[in-house]
Amino acid sequence: MRANREPDSRHRVVVVGGGMAGTRLAQQLAATAAEGGVEVTVIGEEPHPAYNRVLLAEVLAGRYAPDVIALPAPAAARRLGGVRAVRIDRDPGEVVCDDGRRVPYDSLVLATGSNPVLPPLRGLFGPHGHELPDGVHAFRTMDDCLALAAAVRPGVRAVVIGGGLLGVSAARALAQRGAQVVLAHQGEHLMERQLDAGASEVLRRHVETLGVEVHTECRVRGLRTRPPEGGGSTADGGGKAVGGSAVSAVSAVELADGYALEADLVVLACGVRPRVGLARAAGLEVARGVVVDDELRTSDPRVFAIGDCAEHDGVLYGLAGPAQDQADMLARVLGHRAAHGHETGPRYKGSRTLTRLTLAAAHRPLGLAPLDLAAFGETTPAPGDDVVHLADATRNAYRKVVVRGDRLVGGILLGDLGSVGALARTWEGDEPLPSAPLLHLLTNDGGS
């Protein structure tokens, strides 16, 4: 199938990536597609229907079935599931897939997302190269989640490496399934990208109450493995078969001080890295991510990028909210182009990021209430900023907001978050604060 097209045919938009960003874009283009303005094709590497990646921990915890977090299928879009894009031919304008298919485009959108970071640990890969030891899992995709869910059982010893948002979520989910969980984090405190030390201490106490043993300032040096059962020639009961031999199974996580944590399961939650290989091979400008302008265009005006793989104005967001913002904006940009050609249209000016997390136990030990967490904006004050800070250890509550002039510029809230809605709306809208005392911002009604 070549890129030649009839003069009166629809504008062909091809989206590489069937995750949250790509699916959102296809959904937003549905009206334009239904009117005959565009033809949308989504190429998704995962065989599963698109799903809400933010809720994977809830699937792992057993709270939701996989189909519960599925996203609505985009109307009027063709989806190629279980198909991987392997090359972009910018002239004549085609995406080459691993099944030999060539998909022509007028506009190409890269929504390739990100890959989990695999830390440089001794023993992470065996002599055959690229297969993780049995029992070692990343936690990024539905397949990762389902493999972990199949492996976890009450009493299994699990070590989660990485105490960011994903690691904390995974540790809580495994504990909810009855695993004995150790969370090993190299940083000084949990979720340091979103929380200050005080808020992190509240989070740590809550996570420990859920049954997770937490170690911070804890560097992992390597993994210890054992041969699979059966002498290493098969994968029966012990390891995964690779090229006729079996993969060793993890037995412990070795720390920098030489101490070893026994482990049947290891979860790697060490961050993510944008998937930019396809863009780089096509000769597009790549820094940390695929560089895009205010129309979300790459260095090729026919190619766009959104979501985790996109770098706008030097910022890589790596969060669901900005990915949806970018998908919505690009739908407007492409709709405008379909109607008006290349004249100036909508512009993307960046996103305001808000992180939310709820940590609850299945049986709430001693009546423990869930811990709600929200963090947004600039949480480290600059000279001249005002800070309003309330902490109540007896109620497991922590609240801090940063005010600059008459504007709310950031906040960290843990506990009963009755005020987060009003505060977030004020921050997202960049609205002047009410004239009430600043302390009133942290009351349960959010100052309303």
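None of the values given here were measured: they were computed from a predicted structure.
- Considering only heavy atoms from C-beta on, Met191 comes within 4.5 Å of Leu373 through its side chain.
- For the residue pair Asp143 / His48, a side-chain donor-acceptor distance below 3.5 Å is found, with atom types taken as modelled.
- Listed for the Ser299 side chain is a donor-acceptor partner under 3.5 Å among the backbone atoms of Glu285.
- Val250 and Leu265 make their closest contact through CG1-N, 4.5 Å (heavy atoms, listed as atom of the first residue, atom of the second, distance).
- Proximity of Pro66 to Met142: side-chain heavy atoms (C-beta onward) are separated by under 4.5 Å at one or more points.
- In this structure, Tyr348 and His312 have perpendicular ring planes: the angle between them is above 60°, well past the 30° mark.
- No side-chain heavy atom of Val290 sits under 4.5 Å from any side-chain heavy atom of Pro274.
- A donor-acceptor contact closer than 3.5 angstrom links the side chains of Thr216 and Arg204.
- A distance-only check finds no donor-acceptor pair linking the side chain of Arg172 to the backbone of Val207 [under 3.5 Å].
- Of the N and O atoms on the side chains of Glu46 and Tyr51, at least one donor lies less than 3.5 Å from an acceptor on the other residue.
- A 4.5 Å side-chain heavy-atom check between Leu108 and Val16 finds at least one atom pair inside the cut-off.
- In summary, the side chains of Arg79 and Thr23 do not present any donor paired with an acceptor at a separation below 3.5 Å, with no hydrogens or angles considered.
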